[in-house]
Amino acid sequence: MPKVTAISGVGVKGPACFLYEAGECRLLLDLGRGPDADRLPDIDGIGRIDAVLFSHGHADHTGGLVLWDAIGRPPLFATRPTSALSLHPELKDASPLERLSEIDGISVECGPCGHAPGAVWIRLGGETGFVYTGDISLESTLFRSSLPPRAAALVFDTSYGRADTSLAEQKAAIDAAIEQPVLFPSPAGGRGLEMALHFLSRGLGVSICPAHRQVAETLLSHEKWLTDGGRLMLENLLSKAGRLEEDSAPDGVMIAAGPNAERGVAKVLAERMTADGRGQVIFTGHLAAGEPAEAMVNAGTARFMRWNVHPRLSEQARLIEAVSARQALAAFCGLEAVGDLVSATGWPIVPGVVMEW
Ligand SMILES: [Zn+2]
């Protein structure tokens with residue numbers, strides 16, 4: 001019987017790592033680290049791994065590559081944009097996941113999932129097999145997305161639990177709240193470029209840090225992963241957005257990495273703006289434990305306003321319907337949120353961390 005075990009990623013906002021077993025085939029889906037406290041999956045006794053398939057490049061899905069030796073250095077698969085943008089040398093050399101159609105007799109399919117550059121859902125074993133959504137979002141205006149096909153079992157992204165505010169509503173709330181100069185610390189390989197595009201479309205002066213510029217330039221060579229018109233939007237952004245550096249004077253709307261002001265231009269600017277008491281800092285993603293973002297929001301020197309990059313409740317419902325799985329694991333949120341989902345929806349979410357079918 002095929003089997004999926006959440007080594008990590010169920011019952012907690014923890015690093016993604018799922019073990020798929022069917023016949024002799026043993027695959028890992030993602031091998032992450034963090035996002036809180038640099039947590040790593042517990043791979044003790046995990047046994048032979050035939051390959052690791054990565055859904056996207058974020059650290060909480062790839063940072064566990066430090067364990068690659070410990071799991072026997074199996075072949076790695078990632079989509080081309082994920083490899084092109086990765087800082088891990090091993091992932092840069094990964095085989096293209098979108099070209100993989102079968103491994104050890106198990107069919108492999110993937111499709112764009114709108115969460116990040118080159119991010120995908122993955123189906124293993126066809127209609128009687130298993131779908132892993134990774135992180136997924138159907139609201140992106142820049143990254144192409146698609147619903148995964150049917151499968152018997154599903155691991156799906158429930159990062160936001162029952163929250164159902166749309167990205168359009170969030171954009172309106174942010175538009176109403178900003179007072180320039182305003183800094184948005186953002187992941188360059190995530191929502192940062194979309195945010196820059198949004199503010200540009202509102203006629204605001206926008207500047208982006210070198211990390212964002214580099215991602216935008218790289219994505220121009222991966223057009224099929226973008227929405228229709230995505231390439232034009234990025235070209236427009238690259239020509240119109242100002243250059244934001246560590247020593248730039250705060251001005252207009254500033255988009256800079258990293259997302260928790262833990263590194264890069266965002267760290268330097270956020271520290272300076274806070275010290276000078278000049279301008280707003282708004283965080284829009286997960287506030288990682290122990291990072292500057294959490295401390296700044298708690299101290300009242302920065303705000304948190306969410307920008308969806310995971311599925312809200314009504315999108316989770318679309319996923320559940322599209323895949324029509326007999327059983328599912330709710331991933332990337334705490335146990336209490338899983339319990340809330342089960343009682344509110346009646347979806348076939350199973351307790352524990354194992355599915356067999
Ligand atoms: Zn992600």
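One is the number of the first residue; the rest follow in order along the sequence.
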For this session: Using the side-chain contact (heavy atoms from CB on, under 4.5 Å) rule, take L244 and I208 through it: C-alpha gap first, then chi angles, then the decisive distance, then the call.
Result: CA-CA 5 Å; L244 185 66; I208 59 174; 5.7 Å; no

Exercise. Side chain of E271, backbone of L269: donor and acceptor closer than 3.5 Å?
Worked result: no

Exercise. Should we say atom CD of E336 is surrounded by more than 12 heavy atoms from elsewhere, each under 6.0 Å from it?
Worked result: no

For this session: Quick one: do E315 and R312 satisfy side-chain contact (heavy atoms from CB on, under 4.5 Å)? Show the steps, please.
Result: CA-CA 5 Å; E315 291 183 328; R312 59 197 178 104; 4.1 Å; yes

Exercise. Which atoms form the tightest heavy-atom contact between S207 and D251, and what is the distance?
Worked result: OG-O, 4.4 Å

Exercise. Would a distance-only check, ignoring hydrogens and angles, find a side-chain to backbone donor-acceptor pair under 3.5 Å from S83 to L91?
Worked result: yes

Exercise. Should the pair R33-D38 be classified as a salt bridge under the 4.0 Å nitrogen-to-oxygen rule?
Worked result: yes

Problem set entry | Aromatic ring pairing H56/H61, orientation class (parallel under 30°, perpendicular over 60°, tilted between) | tilted

Problem set entry | Atom pair CG (D340) and OG1 (T345), whose distance is rounded to the nearest 0.5 Å | 10.0 Å

For this session: For the pair S146 (side chain) and P112 (backbone), establish whether a donor and an acceptor sit closer than 3.5 Å, ignoring hydrogens and angles.
Result: yes

For this session: Kindly determine whether N260 and E294 satisfy side-chain hydrogen bond (donor to acceptor under 3.5 Å, both in side chains), including the steps that lead there.
Result: CA-CA 8 Å; N260 281 276; E294 185 190 51; over 6 Å; no

Exercise. Is the backbone of L167 close enough, under 3.5 Å, to the side chain of E139 for a donor and an acceptor to pair up by distance?
Worked result: yes

Exercise. Are L76 and L19 connected in a single hydrophobic cluster, I mean Ile/Leu/Val/Met/Phe/Trp/Tyr linked by side-chain heavy atoms less than 4.5 Å apart?
Worked result: yes

Exercise. Going through the distances and angles, do H286 and F304 end up as a ring pair (Phe, Tyr, Trp, His ring centres under 6.0 Å)?
Worked result: CA-CA 9 Å; H286 176 68; F304 170 76; 9.2 Å; no

For this session: Mark yes or no: R191 above the aromatic ring of W307, with NZ or CZ under 6.0 Å from the six-membered ring centre and no more than 45 degrees from the axis.
Result: no

Exercise. Quick check, are the ring centers of H88 and F54 under 6.0 angstrom apart?
Worked result: no

Exercise. Is a side-chain donor or acceptor of T79 paired with a backbone partner of G118 at a separation under 3.5 angstrom?
Worked result: yes

For this session: Give the C-alpha distance, both sets of side-chain angles, the deciding distance and a yes or no for side-chain hydrogen bond (donor to acceptor under 3.5 Å, both in side chains) between S55 and D30.
Result: CA-CA 6 Å; S55 64; D30 286 336; 2.7 Å; yes

Problem set entry | Backbone N/O of E169 and side chain of S166: donor-acceptor pair under 3.5 Å | yes

Problem set entry | Pairing of D228 and R144 as salt bridge, 4.0 angstrom limit | yes

For this session: Check whether any side-chain heavy atom of L204 lies under 4.5 Å from a side-chain heavy atom of I178, and answer yes or no.
Result: yes

Exercise. Looking only at heavy atoms, which two atoms of A256 and A266 are closest? And how far apart?
Worked result: O-CB, 3.5 Å

Seminar exercise, completed: What one should report as the nearest heavy-atom pair of G242 and R213 is O-NH2, 3.4 Å

Problem set entry | Common cluster, L287/M305, ILVMFWY with side-chain heavy-atom separation under 4.5 Å | no

Problem set entry | Shortest non-hydrogen contact between V338 and C333, atoms and distance | CG2-SG, 3.7 Å

Seminar exercise, completed: What one should report as the nearest heavy-atom pair of V120 and C110 is CB-CB, 4.0 Å

Exercise. Linking I/L/V/M/F/W/Y whenever their side-chain heavy atoms sit closer than 4.5 Å, directly or via other members, would V253 and V265 fall into one cluster?
Worked result: no

For this session: Return yes if a side-chain donor-acceptor contact under 3.5 Å exists between S314 and D164, otherwise no.
Result: yes

Exercise. If only atom types and distance count, is the side chain of D276 paired as donor or acceptor with the main-chain N or O of R278 below 3.5 Å?
Worked result: no

For this session: Would you confirm whether Q316, through its side chain, and G161, through its main-chain N or O, come within 3.5 Å as a donor-acceptor pair?
Result: yes

Exercise. What are the two closest non-hydrogen atoms of A288 and D36, and how far apart are they?
Worked result: CA-OD1, 3.2 Å

Exercise. Charged N to carboxylate O below 4.0 Å: is that the case for D50 and R26?
Worked result: no

For this session: Check step by step if ring pair (Phe, Tyr, Trp, His ring centres under 6.0 Å) holds for Y132 and F18.
Result: CA-CA 9 Å; Y132 171 56; F18 297 87; 5.1 Å; yes

Exercise. Above 12 or not: heavy atoms from other molecules or residues under 6.0 Å from NZ of K267?
Worked result: no

Exercise. Does a side chain donor of either S248 or E245 reach within less than 3.5 Å of an acceptor in the other side chain?
Worked result: no

Problem set entry | Within 6.0 angstrom of K92 NZ, more than 12 heavy atoms from elsewhere | yes

Exercise. Taking a hydrophobic cluster as the set of Ile, Leu, Val, Met, Phe, Trp and Tyr residues connected by side-chain heavy atoms closer than 4.5 Å, whether directly or through intermediates, do V309 and F184 fall within one such cluster?
Worked result: yes

Problem set entry | Shared hydrophobic cluster for V108 and L154 (ILVMFWY, side-chain gaps under 4.5 Å) | no

Exercise. Take atom CG in L220; do more than 12 heavy atoms of anything else shown fall under 6.0 Å from it?
Worked result: yes

For this session: Verify, without hydrogens or angle tests, whether T301 (side chain) and M296 (backbone) share a donor-acceptor contact under 3.5 angstrom.
Result: yes

Problem set entry | E321 and L147: CA distance, side-chain angles, deciding distance, side-chain contact (heavy atoms from CB on, under 4.5 Å) verdict | CA-CA 10 Å; E321 192 187 342; L147 283 166; over 6 Å; no

Exercise. Ignoring hydrogens and geometry, is there a side-chain-to-backbone donor-acceptor pair from D42 to I7 under 3.5 Å?
Worked result: no

For this session: Go through the steps to decide whether D135 and H58 satisfy the test side-chain hydrogen bond (donor to acceptor under 3.5 Å, both in side chains), and finish with yes or no.
Result: CA-CA 10 Å; D135 290 347; H58 291 163; 4.6 Å; no

Problem set entry | CZ-CD distance between R48 and E24, expressed to the nearest 0.5 angstrom | 6.0 Å

